[in-house]
Each structure stands twice: as structure tokens, then as C-alpha cells.
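One structure is given here, and the rest of the page talks about it.
For ligands, and for the atoms within them, numbers begin at 1 and follow the listed sequence.
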Amino acid sequence: MKQLKTRIGIFDSGTGGFSILHRIMKKVPSVEIDYISDDAFAPYGEKSDGEIIERSQLITEMLLRRGCSLIVVACNSATAVAIEALREKHRGVQFVGVEPYINVLNHKDQFPGIKKAAVITTELTGNSQKFKELKQRIDPEERIQHVTMGKLASIVEDILEGGLNEPLRLNLHEELEPLRPLGLSHLILGCTHYPLIASLIERELNVTTVSPGPYVANRVSDLISSSGNEYTSDFFYMSTNSMVWEKRTGAYLTSLLRYSLAGQDVQ
Ligand code: DGL
């Protein structure tokens, strides 16, 4: 008898979650994937905790109605403020969130050449209790500087939509300005949008970036006991602007990853 595939739901405020989605597609066989891009309410990073909790609940319910049994909150901001409320309300459902990988200094073997690191996040993530606790727990001596980025997620959306033109290159250059004098060797990307332009960030700042995608994919893989070896090359996609589900191919995803470091896996 053919085994029913596990259905995974993934959401983010926009395209940021694709930096997690493509890792899951490579790592977890025999699953079907639904992705919701909450464009109607983006960006999340500037909203209040209450608003993000409400949106996350609404989107989770849409994914549950599609039959998803595991939800990946592919957004640092929504993970920071909403994941506990989601777990509380939907007790039978597994939720996997995303957090910035700040314990780099404790894993120097994985990050050769690491000397000085900083973490960048949205305002919402940076102000959240969850992020503050994580930072305090893993980096009590504050060796890793934290910098909030106001517009970077929106700049990523613009670059992916229209390509990297001169005005956008300038916007990016200005947005990254506060990081330049820090003399960083490594930059931890604390918003899922940022890895989508990791190659541009690395070139601008001459740093190595650190993204949580592979760790999240490992966690999802651990939670799903699939025995097959058939990796999915497409997924179902819905933007909250259109509210229409459509099938998207791996080729579409590859085109969105053109400014990322998709070829270079951390592990
Ligand atoms: N991609 C999201 C994150 O990881 C949110 C970006 C935004 O909408 O501000 O925080």
C-alpha cells in the first residue's frame, strides 16, 4: 500500500522563507510542501507582537486546513514572538521555528577563520524577549554584537523582484554601512530574507555569512520519519495578496536563489 506523504506547511512574510524551503526540499524526502507568503501583511519586522501573533495564527489555520501536520515558521520575527502561542493553541501539531545561529564562537571548528562576529535582525526580532534570552544564554559575555536592520528585508524583496539595478545596489550599500567599521570576519543572518542575498552581502562587507537553513532542515528531517528517497522538486505556493494556490517548480526556486550561496552547504 502506498504510504501517505507527510505534508509540511511553511510560511514567512514574503520570499524569505525560500532560504529555508530549499534546504528542506534537499534534505527531507517523501513530503509535500505548502508555502504561504504573507505579502499582504509584509514586512513583519516593523509590526507589533500582537499583530504578528494574529497573522501567524491565521496562516497556520490555512495550512492546517490543507492537511499539514508540521509547520515551519520560516521567519525569525514570527518565531520570536508567535511560536509559543501557536504551540499553545495547536497542541497536536509540530512547529519548527528559526533562530539566528549565534553560537558560532562555541563551534569554531565549523567556522574556520572566525575572529569577530555580529548578528543582524529585524527590529521585531531584536526587541523580542526570546532573542534577548537566546543571546544572554549563548553569549553572556556579549562577544557578538547585535545590529538591527531597518530596511534590509524589503531591499531583498525588491532585488529578487526586479534584479539588482543601480539604485538598489546603492540602497544595499547604505543599509549595510553601520556594519562596515566593525571589522567582522563573520556575519550571522537573523532574518530568513538575508541569506537570499548572501553573496551580495559577503562581497559588500568582505565577511562570511552564517545562515540557519541547514540546521532547520536537519530538525525537520529528525521529526519526520519518512522511509522513501524521493525528493520533491516542486511545491504549492500561495501569496496572501492573491489567495490562490499554485504549483511552483524547482526551476522557479533556483532563479530566486541566484544571489544566495545555495551551492555552499554549511553541513
Ligand atoms: N523573513 C522574516 C524574518 O526572518 C521577516 C522579514 C520582514 O518581513 O520584516 O524575520
Side-chain angles (χ1 to χ4, degrees), residues 9-24 35-60 63 71-86 95-102 118-132 134-135 146-161 171-172 175-176 187-198 200-201 209-217 219-220 237-241 253 256-257 259-260 262:
I10 304 180
F11 76 91
D12 178 46
S13 63
T15 45
F18 287 132
S19 68
I20 304 292
L21 167 73
H22 86 98
R23 300 283 181 180
I24 293 174
Y35 184 100
I36 295 185
S37 176
D38 193 10
D39 303 301
F41 205 72
Y44 277 6
E46 304 167 357
K47 305 287 187 314
S48 72
D49 293 12
E51 288 173 305
I52 298 306
I53 293 172
E54 201 177 301
R55 285 310 287 187
S56 300
Q57 294 284 18
L58 195 87
I59 287 172
T60 294
L63 291 169
I71 309 282
V72 180
V73 184
C75 171
N76 291 259
S77 310
T79 300
V81 301
I83 201 163
E84 305 309 341
L86 295 174
F95 289 92
V96 176
V98 183
E99 282 180 339
Y101 192 75
I102 58 174
V119 54
I120 52 175
T121 67
T122 64
E123 217 170 294
L124 194 78
T125 299
N127 289 335
S128 70
Q129 199 52 31
K130 203 171 169 76
F131 175 74
K132 287 179 187 152
L134 176 81
K135 185 85 169 50
H146 171 229
V147 182
T148 296
M149 308 306 287
K151 305 240 167 318
L152 193 52
S154 303
I155 292 173
V156 173
E157 290 280 347
D158 292 344
I159 290 175
L160 294 183
E161 202 182 307
N171 281 355
L172 178 64
E175 181 74 3
L176 297 176
L187 184 63
I188 300 155
L189 307 180
C191 163
T192 51
H193 277 70
Y194 308 161
L196 294 173
I197 59 155
L200 304 178
I201 295 175
T209 54
V210 180
S211 309
Y215 307 100
V216 178
R219 176 77 187 129
V220 173
Y237 170 89
M238 187 185 81
S239 164
T240 51
N241 275 340
L253 194 55
L256 276 179
L257 296 172
Y259 301 114
S260 75

(request) Write out the protein residues near ligand 1, meaning a non-hydrogen atom under 4.0 Å from one of its atoms, in order of chain and number. (result)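 Ligand 1 is contacted, at a heavy-atom distance under 4.0 Å, by Asp12, Ser13, Pro43, Tyr44, Gly45, Cys75, Asn76, Ser77, Thr122, Ala153, Cys191, Thr192, His193.
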(message) Can you classify the ring geometry of Phe131 versus His146 as parallel (below 30°), tilted (30 to 60°) or perpendicular (above 60°)?
(response)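 If you compare the ring of Phe131 with that of His146, the planes turn out tilted.
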(message) Measuring only between side-chain heavy atoms, which start at C-beta, is Ile102 closer than 4.5 Å to Leu134?
(response)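 With C-beta onward as the side chain, the pair touches.
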(message) Less than 4.5 Å apart, side chain to side chain, heavy atoms only: is that true for Asn76 and Thr121?
(response)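 Contact flag for Asn76/Thr121 side chains = no.
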(request) Start with the C-alpha distance between Tyr237 and Ser37, add both sets of side-chain angles, then the distance that settles side-chain contact (heavy atoms from CB on, under 4.5 Å), and finish with yes or no. (result) CA-CA 8 Å; Tyr237 170 89; Ser37 176; 3.6 Å; yes
(request) Could you walk me through whether Ile197 and Leu152 pass the side-chain contact (heavy atoms from CB on, under 4.5 Å) test, one step at a time? (result) CA-CA 10 Å; Ile197 59 155; Leu152 193 52; 4.3 Å; yes
(request) Flag the pair Tyr215 / Tyr101 as yes when their ring centroid distance falls below 6.0 Å, and as no otherwise. (result)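 Ring centres of Tyr101 and Tyr215 closer than 6.0 Å.
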